[in-house]
Enquirer: 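Shown below is the structure under consideration.
We use all heavy atoms of the structure for the numbers below, so side chains are in, but hydrogens, waters and symmetry mates are not. Below, chains carry the letters A, B, ... as their sequence lines are ordered, and counting in each starts from 1.
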Amino acid sequence: MMAYYREDAKVLSGGMSLIPLMKLRFAAPATIVDLNQIQGLDYIEEAGGYLRIGCLARNRAIVRSELVRSRHPLMSSAAPTISDPVVRNRGTVVGNLTHADPQGDWATVMMCLDGEVVARSTEGERVIPVSQFITGPFSTTLMPNEIAVEVRVPGATNFGEYHKIERKVGDFATVAVGVALQQQGGSVSRVGIGLTGVGPSNIKCYDAERIVSGGGLNENTIQQAAQAAAADSSPRTDHRGSEEYKREMVAVFVRRSLHAAAGIRAA
Amino acid sequence: MALDEIQIGGLGARRKRVEDARFIRGKGNYIDDFKLPGMLHMETLRSPIAHARITSIDTSKAWMTPGVHMVITGDMAAQHNLAWMPTLSYDTQAVLATDKVRFQGQEICCVVADDPYIAKDACEVIVVEYDPLPPIVNPKQALAPGAPIIRDDKAGQTNNICYTWEVGDKENTERVFADESMQVVSQDIFYPRTHPCPIENMAIISDYNSATGKLTIYLTTQAPHIIRTAVALVAELPEHMIRVIAPDLGGGFGNKVPVYPSYVIAILASILLTRPVKWIEDKTGNLISTGYARDMYFHCDAAIRKDGKIQAVRVHADTDNGGFFSDAQPTKFKIGLFHSIFGCYDVPYGYLTAQGHYTNKAPGGVAYRCSFRITESMFFQERFMQTCAYEIGMDQAEFRRVNFIREFPHRTTFGFLVDSGDYDKCLDLALDKIDYDGFKARQDAARKQGRLLGLGLSCMSEPLGAGNSREYDIIGIKMFDSAELRVHPSGKAVLKIGSKTQGQGHETTFAQIVTHELGIPADDILVQHGDTDNTPFGMGTYASRSTPTAGAATAMVARKVRAKAKKLAAHLLEVSEEDVEWELGRFYVRSAPNRGVTITDCAFAAYTNMPDGLEPGLENNAYYDPPNMTWPFDVYVTTVEVDPETGEWDVLKFVGVDDCGVRINPMIVEGQLHGGLAEAFAMAYHQMITFDSQGNCIGSNYMDYMIPTAWETPHFELYEVVTPSPHHPIGCKGIGECGCVGGPAAFVNAVVDAVAHLGVRNIDMPCLSSRVWEAIKYKKDVSGTPPLPGQ
Ligand SMILES: Cc1cc2nc3c(=O)[nH]c(=O)nc-3n(C[C@H](O)[C@H](O)[C@H](O)COP(=O)(O)OP(=O)(O)OC[C@H]3O[C@@H](n4cnc5c(N)ncnc54)[C@H](O)[C@@H]3O)c2cc1C
């Protein structure tokens, strides 16, 4: 169907972004392709070294999944901060990624965890790392004839925290910071640090990640990583808070998460 | 034997709300639930920009849209003398813009069509050309030299000032300030713009019947009778040919007192088309164009004696009134009852000045859960009291205590008569429950560990229940209220009141008043309201006035009915009236208490067995003109913990002690306090309507205009003290708004207290984490609206 309608059509998953856009008359698609009747797309499973999330898996299912918690605690930490129960009951992880709201939380989490989107069309299937999938506010590399059928996350991490400042439950982030690690007694084999709400798009903090993966977790690297992440952010002053505040909160939360991971109590 | 009053649902009974049966089952009726045969739908086109001259409006494409019946512009309205309308503050307001647009969201055209979607589509093809003017978004810009005159439509208007007002004793106040032994404390505080945001937006169905000439208006309004009179004046129809029906209200909070432009046009359209016309506002329309609240700048100086007694205050307030001065308030007062400030304190001298400003923002300062700008006065009062205590180095509670009124009645420095209260008792109880004495030690210990704890106190007495008719009127109509009571032969009754419930539970509590007076079980009394063809004239519900006025009228009418029932009882008991005594539900012979008749017996006799010379029937009416306001007293105290690194804060404990006199239904009182305190918390925590430099409204939907959920809202621990109102027939005082009025200062005071050791004296609301963080980081006050691009 997407091959037939292409640009005129919009896919409907949870509808928690598409329906508000239509209500506000920002979007008026000629055709809506509703995925919700398709069976078997709501899986959360482990296969082939990946945690695989089907495109109809709802946020609520992520919140409740023990499998997710055991593989990637960052996802379990972030999921409950996404909107409110009503929106989580319908909204999907994949819909959230394809929507590519710069304030969206899942893209940050997936960048931390090196997640990949699996896109399918009548011409075949391709796999796109989330860091390349999102190209800017509300824009992705998905083709008009493609449907994102899955997001998958490799391996496992044993620490993850998502810190989010919001003005109320259900608000988009004033600032949010995700940190995921695979670590053993201070040595770190995998690290992901990402930011939401502090730039035109979600930000993956390569410098901060390098500092931690290279130097392990100690007071010195933690402080440096926090500063590096703050330097990567490019927040704007708005009604949620000032640029300076948001930048400083990035540092505070990176520090808090890394301290927690290292078992160091904040000074 | 007298009946058990609690058992039959009388005074003091925690009776479940009778309204809830329909609300929780989805059986309530709001305007959008009404569908009349042949009904058309209206949509309003609003200005996307804040300030511009209109150069042209082209509606031709809208007229050609299939399904469109009528497109109404300001020019068309002008042909019916309806391009402008009078406001409740004796100004004028554009119904549909003809010359300029003066705020974002201002009404420009209305389209009437077969369904709301067609009407909306047609609005989108109307082409309006604008010649932009510089927008003015605050009083400072309004007063700047060379600022464009927003109200250039008004002859003689040469600036952007819409009123000035003063009260008090200037000379003696200045004399006290000249005394060098006084310590003078000064402060500036801003109360940002908020919005009452009822869940049900504005809505109307206007149904003009060309055969009978009768106009029926289904309207979500807090004041149906006032609206009928206003429509009669504007539409030049006699009142008996207008019927206003206000069904269940999905909230009001002051937002549903005024007449809005789209109402006028819907009525006009239904008369012109002779078909029912429905208009349902959307959420953004509601937030950007209808009655806002607050938006006031406050300056105060206090002259304080060595022992902590305030000797004089100098107060100045600047209000931001938007494009038209259409505040809903009593005629005499240009800044509502703001001068109720310092009402619970014994301040010998005071002088208060105020000035209003036109800006390119939505008009219509309404009393959002507040008796006409009392929320601002109590907030500033208690914020300022905290600052004074810091500056003179006195304990917060002690400073208030030293200044409390203790003798009643007391004439306040700005002229109100406070008639009752026991302030010390309320304060003692609140301090005990929050463990005030233990808190200081915990606060010090926490600071040593780098943690920030704060305690905020707010004490206030507000004048509720306008009016008395000497001083209070709205568009000339005196602020009394009314009740009509009819007892049927079976002894069951119907009570009709002039007031209107907006969700407070009048149908429950007003029956309880009748029960208290007549002993008829509350379940046997039906309370009706909100239909002007079917209820006596009343001023409506706002300013916590329903129980003080219509509630009093209810008690009075029940007493009139009882007096007649007594004559019937004497007749039935075959004794003279003087020998008849009353106890709840029953008359008996004084000398033979076993011989008696019930109120039900009397009711039956009123229709079946009346004595010679007595009119049949058992019914009456009463209009109650209160001799004074009622004066509740409230203490709110809360403790918070502030995160020193992020500025986020959490409420640790909240205690409220309220003295609202006699409580008719304690459960409903608590419900009202919970609601009001949640709104207070919202304003302190995250809520505001703000504008960018172009006059774009930030806060035009529920993503940006925050309503706290159960997650953020703290637990409220409530206690009561009772000192009855000396003039209200059953001793009640207003309470509906107290939480919303007195609450905000408690929260902000607590947050400021947590960082006061850094020298911080003020953080303007909302205390968003970023603002609290800024206060901590730079050890300074954070004042004004949050920074926005371009400001
Ligand atoms: C009140 C509220 C608060 C919110 N708060 C947050 C928050 O704090 N953080 C956050 O991250 N999000 C938040 N959201 C957004 C929410 O998480 C959305 O549900 C999510 O962004 C979109 O998921 P969906 O399944 O509802 O997608 P839909 O609304 O169905 O679709 C969104 C877009 O993606 C496209 N699309 C959807 N599925 C696919 C697919 N499989 N293949 C190709 N294209 C597809 C659609 O065509 C559409 O353009 C909030 C939403 C609301 C209403």
Enquirer: Side chain, backbone, both or neither: which part of Asp643(B) has a non-hydrogen atom closer than 4.5 Å to chain A?
Expert: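 Only the side chain of Asp643(B) comes within 4.5 Å of chain A.
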
Enquirer: Considering only heavy atoms, which portion of Thr646(B) lies under 4.5 Å from any heavy atom of chain A: side chain, backbone, both, or neither?
Expert: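 Backbone plus side chain of Thr646(B), per the 4.5 Å heavy-atom cut-off to chain A.
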
Enquirer: If you count the non-hydrogen atoms of other residues, nucleotides and ligands that lie under 6.0 Å from CZ in Arg447(B), is the total more than 12?
Expert: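 Yes.
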
Enquirer: Considering only heavy atoms and a distance below 4.5 Å, find which of Thr284(B), Asp282(B), Ile707(B) pairs most often with chain A.
Expert: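 Winner by heavy-atom pair count: Ile707(B).
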
Enquirer: Main chain of Asn701(B), side chain of Lys283(B): is a donor-acceptor contact present, judged purely on distance under 3.5 Å?
Expert: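 Absent.
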
Enquirer: Among residues at least two apart in sequence or on other chains, which ones pass side-chain hydrogen bond (donor to acceptor under 3.5 Å, both in side chains) with Gln223(A)?
Expert: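 Checked Gln223(A) against side-chain hydrogen bond (donor to acceptor under 3.5 Å, both in side chains); matches are Glu219(A).
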
Enquirer: Quick one: sort the Phe747(B) and Trp649(B) rings into parallel, tilted or perpendicular, breaks at 30° and 60°.
Expert: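 Plane angle between 30° and 60°, so tilted.
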
Enquirer: Heavy-atom distances under 4.5 Å only: say whether Val169(A) touches chain B with side chain, backbone, both or neither.
Expert: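 Answer is both: backbone and side chain atoms of Val169(A) are under 4.5 Å from chain B.
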
Enquirer: So which part of Arg240(A) gets closer than 4.5 Å to some heavy atom of chain B, the side chain, the backbone, both or neither?
Expert: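 Its backbone and side chain both get close to chain B.
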
Enquirer: Quick one: side-chain hydrogen bond (donor to acceptor under 3.5 Å, both in side chains) partners of Thr92(A), sequence neighbours excluded?
Expert: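 Here no residue qualifies.
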
Enquirer: Is chain A contacted by the side chain of Glu124(B), its backbone, both, or neither, given a heavy-atom distance below 4.5 Å?
Expert: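 Side chain of Glu124(B) only, per the 4.5 Å heavy-atom cut-off to chain A.
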
Enquirer: Is the distance between the ring centroids of Tyr368(B) and His195(B) less than 6.0 Å?
Expert: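 So the answer is no for these two rings.
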
Enquirer: Between Asp8(A) and Ala30(A), is there a donor-acceptor pair closer than 3.5 Å when you use the side chain of the first and the backbone of the second?
Expert: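 It does not hold such a pair.
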
Enquirer: Among Ile165(A), Val175(A), Thr174(A), single out the residue with the greatest number of heavy-atom pairs under 4.5 Å to chain B.
Expert: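 Option with the greatest count: Ile165(A).
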
Enquirer: Measure Lys120(B) against the heavy atoms of chain A and call it side chain, backbone, both or neither at under 4.5 Å.
Expert: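 Both parts, heavy atoms under 4.5 Å.
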
Enquirer: Is chain B contacted by the side chain of Glu248(A), its backbone, both, or neither, given a heavy-atom distance below 4.5 Å?
Expert: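 For Glu248(A), the side chain is the part near chain B, not the backbone.
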
